[in-house]
Amino acid sequence: MIPSALPPVLAIDGPSGSGKGTVSRCIADVLHWHLLDSGALYRVLAHVAHDAGIATGESGELGRLARAMPVAFIRTADGEERVLLAGRDVTYAIRTEECGRRASEIAVLPEVREGLKALQRDFRHPPGLVADGRDMGTAIFPDAGLKIFLTASAEERAQRRYKQLKEKGLNANLHGLFQDITARDERDQKRAVSPLQPAPDALVLDTTGMDIQQVVARILELARTRFTQAAPGY
Ligand code: DC
C-alpha cells in the first residue's frame, strides 16, 4: 500500500517530439508543481559516459554511474532553465541529436533504468510533481493520480523537432530527423525493460494537429477534476 500522504503525481509519457516537454513545463508552471524531465537524466548519463569513455556495453559501470550522478536542475533569475553536472553547465551539450541517440541506446539497459529510479523518485515533493518521460506512469510512479500518454504522427513530430532546432539556431535536416525519430521509437518501444507504452490506466491523447495551448488546456481540465482533493489550492 502506498501511503496517501505522498505528494500527487501527474505522469506525462510519450515518444520523442510528442510535445511532452513543453506541455509538462507549462502544466508544472500553472499548478506550481515540481517538474521531472526524466529524459534529461538519461541524456546527462549518456553525456557523462561518453566523456568518460564508457561504452554502451559496460552496463554495470553505467548503472553505478547512474546512482551517483551529481545532477541538478536550476532556474536562473531570468527564468532560464539549466542542467548542471557537478556544477558544470551541460544544458546545451545534452540537447544534441547525438546525445539523444546515445541516451536511447543506454536506456535499454536494465542496470541504467534501475540506477536512475531513486533519483527520479526523489523529485516527488509537495505540492505535487509533473513527471515527463517514457515510463513515468508504468514503472516510476505507478500510483500517479493522473497518467497521460501523448502521441502524434512521426511526420508531425519530426516537423516540430525541426522547427525547435531551427529556432535555437541549430542545424537540422528534416529527413534525418524523421529517420532518427522512427529509429528511436522502435528502440524505445521494443526494449525488454519498461518499453514505451501507455499504462493500462493512462489516457491516450493524440496531439496531431493540436497546438500546445490546446493540449495544455485539455490536461489541466483533467488535472483539476482528478486532483481537487490533493491540491485544492489551484
Ligand atoms: O525525452 P528525451 O528525448 O529527452 O529522452 C532521451 C532518451 O532517453 C529517449 O530516447 C529514451 C530515453 N528515456 C527513457 O528511456 N525513459 C525515460 N523516462 C525518459 C527518457
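Nothing fancy with the numbering, it's 1 onward along the sequence. Both counts, for ligands and for their atoms, begin at 1 and track the order of listing.
- The only member of Arg102, Arg134, Arg113 that meets side chain to side chain donor-acceptor pair (under 3.5 Å) when paired with Tyr42 is Arg113.
- Numbered from 1 in the order shown, with element, the atoms of ligand 1 that lie under 4.0 Å from a heavy atom of Asp188 read 9 (C), 10 (O), 11 (C).
- A salt bridge links Glu221 to Arg218: at least one charged side-chain nitrogen sits closer than 4.0 Å to a carboxylate oxygen.
- Under a 4.0 Å heavy-atom criterion, Arg191 is in contact with ligand 1.
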Between Asp29 and Arg75, does the salt bridge (charged side-chain N to carboxylate O under 4.0 Å, His left out) criterion hold? Intermediate values first, please. CA-CA 12 Å; Asp29 281 349; Arg75 256 197 189 191; 3.3 Å; yes

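- From the protein, the heavy atom lying nearest to atom 12 (C) of ligand 1 is Ala107 CB, 3.8 Å.
- Using 4.0 Å as the threshold, Arg101 has no heavy atom nearer than that to any atom of ligand 1.
- In this structure, Leu10 and Phe227 have side chains that are in contact, with non-hydrogen atoms separated by less than 4.5 Å.
- Near Met136, with a cut-off below 4.0 Å to any heavy atom, the atoms of ligand 1 are 18 (N).
- Inspection of the Arg187 and Ser104 side chains reveals an N or O donor paired with an N or O acceptor under 3.5 Å.
- The shortest contact between atom 15 (O) of ligand 1 and any protein heavy atom is with Arg113 NH1, 2.8 Å.
- Counting protein heavy atoms only, atom 10 (O) of ligand 1 is closest to Arg184 CD, 2.9 Å.
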Take Glu114 and Arg67 through the salt bridge (charged side-chain N to carboxylate O under 4.0 Å, His left out) test and state the conclusion after the steps. CA-CA 9 Å; Glu114 197 52 44; Arg67 276 172 223 278; 5.6 Å; no

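- Closest to atom 9 (C) of ligand 1 among all protein heavy atoms lies Arg134 NH2, 3.2 Å.
- The protein non-hydrogen atom at the shortest distance from atom 7 (C) of ligand 1 is Ala103 CB, 3.8 Å.
- Numbered from 1 in the order shown, with element, the atoms of ligand 1 that lie under 4.0 Å from a heavy atom of Lys20 read 1 (O).
- Here the CZ-CG distance, from Arg124 to Asp143, works out to 4.0 Å after rounding to the nearest 0.5 Å.
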Between Tyr162 and Phe178, does a ring pair (Phe, Tyr, Trp, His ring centres under 6.0 Å) hold up when you go through it step by step? CA-CA 9 Å; Tyr162 179 79; Phe178 175 77; over 10 Å; no

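- Counting protein heavy atoms only, atom 8 (O) of ligand 1 is closest to Tyr42 CB, 3.5 Å.
- Not one N or O of Ser16 is nearer than 3.5 Å to an N or O of ligand 1, by distance alone.
- Side-chain atoms of Thr207 never come within 3.5 Å of backbone atoms of Met210 as a donor-acceptor pair (strictly under, hydrogens ignored).
- Looking at atom 19 (C) of ligand 1, its nearest protein heavy atom turns out to be Ser38 OG, 3.4 Å.
- Counting protein heavy atoms only, atom 3 (O) of ligand 1 is closest to Arg43 NH2, 3.1 Å.
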